[in-house]
> 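Before we start, here is the structure in question, set down as structure tokens.
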Amino acid sequence: MKGKWRQNLHIEPPEGWMNDPNGLCFFDGLYHVYFQYSPGTPCGESNRCWGHYVSPDLLSWKYSGIVLEPDIPEDRDGVFSGSAVAFEDHMEFFYTGNVLEEGDFDHILEGRGANVIRVRSSDGSKMSAKEVLLRNTDYPDFCSCHVRDPKVWLEDGKYKMVLGARTKDDHGCVLFYEASLDGPFEYKGLLTVPDFGYMWECPDAFSIDGKKFIALCPQGTARGDLKFQNIFHSGYFRDDDGVLTDFEEFDHGFDFYAPQTFAAPDGRRLLIGWMGIGDDSYTNPTTDLGWQHCLTLPRELTLGSDGKILQNPVRELDSIRKQAEKIDGETWQGLPFEVNAACFSDVVSVSISGAEITWNRNDGILSLHFTNEEGYGRKERKIELLSLDSLRIIADVSSLEIYINGGRYVMSTRFYPEHRQVRVAVKGAGAGIAALRLNDTLVAIGEALIDFIPDKKGCEFYEVGSFSPAAGGAPANVCGAFSKLGGRSRMITQLGRDPFGDIITRTLDNAGVDTSCILYTSEANTALAFVSQTTDGKSTYSFYRNPSADMLFDPSHITAEMFDDCYALHFCSVSLGNFPMKDAHRAAVTIARRQGAIISFDPNLRFMLWDDRDELKRVIWEFIPCCDIIKVSDEELEFITGSSDPDEAVPTLLCGNVKLVILTKGKDGASCYSASGNVSSLSPVVKAVDTTGAGDGFIGSFLWKLRSSGIVRDDLSGCPLSVLSGCLDFANRFSAISVQRKGAIPSYPGLSELNN
Ligand code: FRU
């Protein structure tokens, strides 16, 4: 199951490998997070690029593609870590261009290029030409070839920059640079500390409440039992007018490295780290599923009364916390959730699935350890803690972040529970638990079937020689479209225990659709549909559904958990005949509506499945008023409403709960009608090769765009027409690409293709 262990609240790569967060900033109304990305290689073997996520609210993140790749001699072996400076009208990015020369080099003292490179962008995606600012020859003589990770900021009208470096005699250090806005970067000095590692990576410099801090990631410091427990470390010095305090680690868990800070528009100092680490003994089973690692939640940094930094999850997270309940000893809870514990006893323990946090006043040690294999090689991390007042634990699908004593200490770890429902037990503390729900998943219910595509078109059914199988079914296609764009989707259906059922599961898995709610039965086969098409466009269908597995889906299998994270529920009319699946639809609509989801209905008429057309019409009108969005094609309008004139027909559809009507008009584009007016959008002119699944791709991509525009159900009636027209444009472009290729799901583009 490809969707297993995908996080709900954390940024992770669409696939492939992720490491350091880069270029963190707020620009043009959005938070931007770039990251070290090796697409296609879950263990990071390929050269690093920068991937890009954006968010309006630090909660829901949208992947928007690769923005920087190695393509000049000065960065040919990797676009390494770096930072961003946001100006009024543009952003500037500074990164390390990594070069590994071929030959007999140690790549430390010789044979490695480390160039500081700048690019500009006015939208965060399209980058200017690359400008090399500093090369190895520009760094001070004492530097080895390891100089990297520029962190740049503006201060007193100047650029200031720190770089991490290794000296020729193996000491880690930070180099300081300055530049006027139009001048070259000049070296201003260094910071180093005796016996503190051979290399310092990813430096940062910032202030909190007037106190200055220098953060860095030393490599080569000795590992200890209560400190520096990982292979590499990450932390900070406070700089009191040139006098450095002791080095304080940012995080004491198994998975944390290479953090970066930036300023939010309201002045908060925020930190995001890589929730991963290189070269340690423990593993992540997601590598078998095609990706690895994630970033931490964004954390707010404040100054503690002891002058140390306090870290806490950004307050935005509070807005998605659901009703808290007291934990009485133990409980079961679906991930993601949050546990808050006020600790009052001399012995405290909190366990979440196989992870256990214990504290004992006697020995003054807080320990995070695994009691089973969910840690995948992670054993124990400890800190010395004389008093324990509070614990706040954010548990996502495959990670824990433990904030101790108001954020004075943090422990982050990945863990991989088999199930989303996990046991939580608390001793020695008064604790509450609350679901954290980011409603971002498109759930579709109904038929998933095999379409048999004729190898020959322009002929009668009996003239077709052979048919090729392709996974389809409108609700399944809609999921495919949503997930290919990087969204989360879940399919609810039943398949036969047969090889056709396997093809469907496989196709959906590969598109990133969550298939964990698909049932399998031996009582009926997976539905099949053979189709032929004459030159004048007449299609003949032959369905094998007498009955098929999907029709027999038993409504008792519909559970509230299926809709826990539901943004919208989508369905069609094919599954609304007189069989159990219809009642499953009724149950799904009721629960999803109760949970606040948008209900979306595309009647998608298939007359040949109905003996009685009046019954079809009756059932469509039974469901319409329960929905928020109705999508119809111009060809369906008359059958459903009695009129083919949109001015007459659409108002009858805007009844009950319906807030949006989307009318698709084939190559003439689409219109959207709401109480605040209507908008239309033309479709790009393209040569259609195969329109299979085009309408499903349209509504799937429309819903995806609606969600990424931040529109939830309560916003629908007052949704600005400009947003709706943006969604129509997006869906039209999506469908225009899809019809130029064969098949449904395989023809759908991803976001980066669409943006180009
Ligand atoms: C830290 C680091 C950086 C480098 C980047 C390469 O994890 O080694 O120093 O720029 O990763 O991906």
Side-chain angles (χ1 to χ4, degrees), residues 11 13-40 44 46-56 61-99 113-135 148-154 159 161 163 177 179 181-185 202 258 260 262-263 272 274 295 485-486 708 733 749-756:
I11 297 179
E15 48 79 32
W17 161 279
M18 161 184 274
N19 59 298
D20 315 356
N22 295 150
L24 307 183
C25 63
F26 184 86
F27 174 76
D28 204 14
L30 291 172
Y31 291 94
H32 295 257
V33 169
Y34 301 83
F35 62 97
Q36 287 288 285
Y37 187 22
S38 288
S46 65
N47 279 340
R48 297 288 187 273
C49 322
W50 277 29
H52 181 205
Y53 271 94
V54 288
S55 170
W61 294 96
K62 178 178 91 178
Y63 176 65
S64 78
I66 292 173
V67 295
L68 285 171
E69 285 179 283
D71 54 11
I72 57 169
E74 287 87 348
D75 68 8
R76 65 162 199 234
D77 299 302
V79 175
F80 272 17
S81 286
S83 54
V85 177
F87 289 85
E88 259 308 288
D89 59 344
H90 75 286
M91 305 153 93
E92 294 187 9
F93 301 92
F94 301 81
Y95 70 89
T96 298
N98 181 46
V99 180
N115 304 300
V116 175
I117 299 174
R118 167 165 58 191
V119 289
R120 294 186 165 84
S121 175
S122 54
D123 64 359
S125 295
K126 277 186 246 47
M127 299 289 170
S128 69
K130 296 174 176 175
E131 177 193 356
V132 180
L133 300 177
L134 296 174
R135 299 169 191 268
R148 58 177 168 268
D149 310 334
K151 173 78 198 283
V152 182
W153 68 100
L154 291 180
Y159 292 106
M161 171 167 78
L163 279 168
Y177 281 80
L181 288 188
D182 47 12
F185 275 83
C202 301
Q260 191 174 92
F262 71 110
I272 297 179
W274 174 30
L295 303 182
L485 287 167
S708 58
R733 277 193 293 128
L751 198 56
S752 34
E753 183 179 0
L754 206 59
N755 284 344
N756 295 329

> For P150, does its backbone N or O pair with a side-chain atom of S83 as donor and acceptor, under 3.5 Å?
yes
> Specify the closest pair of heavy atoms between P70 and V79, including all atoms of both residues, with the distance to one decimal.
N-CG2, 3.5 Å
> Take F94 and I117, measure what side chain to side chain contact (heavy atoms under 4.5 Å, CB included) needs, and give me the verdict at the end.
CA-CA 6 Å; F94 301 81; I117 299 174; over 6 Å; no
> Please report the interatomic distance NZ(K126) to OG(S121), rounded to the nearest 0.5 Å.
7.5 Å
> Judged by atom type as modelled, is there a donor-acceptor pair below 3.5 Å linking the side chain of D77 to the main-chain atoms of V99?
no
> Working to the nearest 0.5 Å, report the span between CG of D123 and CE of M91.
8.5 Å
> What distance separates R48 CZ from F80 CZ, expressed to the nearest 0.5 Å?
6.5 Å
> State which residues pass side-chain hydrogen bond (donor to acceptor under 3.5 Å, both in side chains) with N98; sequence neighbours excluded, sorted by chain then number.
R112
> Just how far is it from atom CG of L68 to atom SG of C49, taken to the nearest 0.5 Å?
9.0 Å
> Without swapping roles, check the side chain of T96 against the backbone of V116 for a donor-acceptor pair under 3.5 Å.
no
> Can F93 and V152 be said to form a side chain to side chain contact (heavy atoms under 4.5 Å, CB included), step by step?
CA-CA 9 Å; F93 301 92; V152 182; over 6 Å; no
> Test of understanding: with salt bridge (charged side-chain N to carboxylate O under 4.0 Å, His left out), list the residues that count as partners of R148, not counting sequence neighbours.
E201
> Can you name the nearest heavy-atom pair linking G23 to Q260, along with the distance?
N-OE1, 3.3 Å
> When rounded to the nearest 0.5 angstrom, what is the spacing between CD1 in I272 and CG in L24?
5.0 Å
> When you compare the side chain of E92 with that of V119, does any pair of heavy atoms fall below 4.5 Å?
no
> Using the test salt bridge (charged side-chain N to carboxylate O under 4.0 Å, His left out), find all partners of E131 that sit at least two apart in sequence or belong to another chain.
R118, R120
> Could you go through Q36 and S81, starting from their C-alpha distance and side-chain angles, then the distance that decides it, and tell me whether this counts as side chain to side chain contact (heavy atoms under 4.5 Å, CB included)?
CA-CA 7 Å; Q36 287 288 285; S81 286; 3.5 Å; yes
> Residues two or more places apart in sequence or in another chain: which of them pass side-chain hydrogen bond (donor to acceptor under 3.5 Å, both in side chains) with R135?
E74
> Only counting residues at least two apart or in another chain, list the ones meeting side-chain hydrogen bond (donor to acceptor under 3.5 Å, both in side chains) with W61.
none
> A179: which residues meet the side-chain contact (heavy atoms from CB on, under 4.5 Å) condition with it, sequence neighbours left out?
Y159, F185
> Report all side-chain donor-acceptor pairs from residues 25-33 shorter than 3.5 Å, counting only partners two or more places apart or in another chain.
unit_1: H32; atom_1: ND1; unit_2: H52; atom_2: NE2; d: 2.9
unit_1: H32; atom_1: NE2; unit_2: F27; atom_2: O; d: 3.4

> To check you understand the geometry: which heavy-atom pair defines the closest contact between C202 and A258, and what is its length?
SG-CB, 3.8 Å
> side-chain hydrogen bond (donor to acceptor under 3.5 Å, both in side chains) with S708: which residues, sequence neighbours excluded?
none
> Just by modelled atom types, is the N22 backbone N or O under 3.5 Å from a matching donor or acceptor in the D20 side chain?
no
> Would a distance-only check, ignoring hydrogens and angles, find a side-chain to backbone donor-acceptor pair under 3.5 Å from N47 to R76?
yes
> Using the test side-chain contact (heavy atoms from CB on, under 4.5 Å), find all partners of S122 that sit at least two apart in sequence or belong to another chain.
none
> Indicate the atoms forming the closest heavy-atom contact of W274 with L295, along with that distance.
CA-CD2, 4.0 Å
> Who passes ring-ring contact (aromatic ring centres under 6.0 Å, His included) against Y37, sequence neighbours left out?
F35
> What's the verdict on side chain to side chain contact (heavy atoms under 4.5 Å, CB included) for S64 and Y53, showing C-alpha distance, side-chain angles and the deciding distance?
CA-CA 6 Å; S64 78; Y53 271 94; over 6 Å; no
> With sequence neighbours left out, write down each residue that passes side-chain contact (heavy atoms from CB on, under 4.5 Å) with D71, or none if nothing qualifies.
D75, K130
> Minimum heavy-atom separation for P13 and G16, please, with both atom names.
CG-O, 3.4 Å
> Are any non-hydrogen side-chain atoms of Y34 and Y95 less than 4.5 angstrom apart?
no
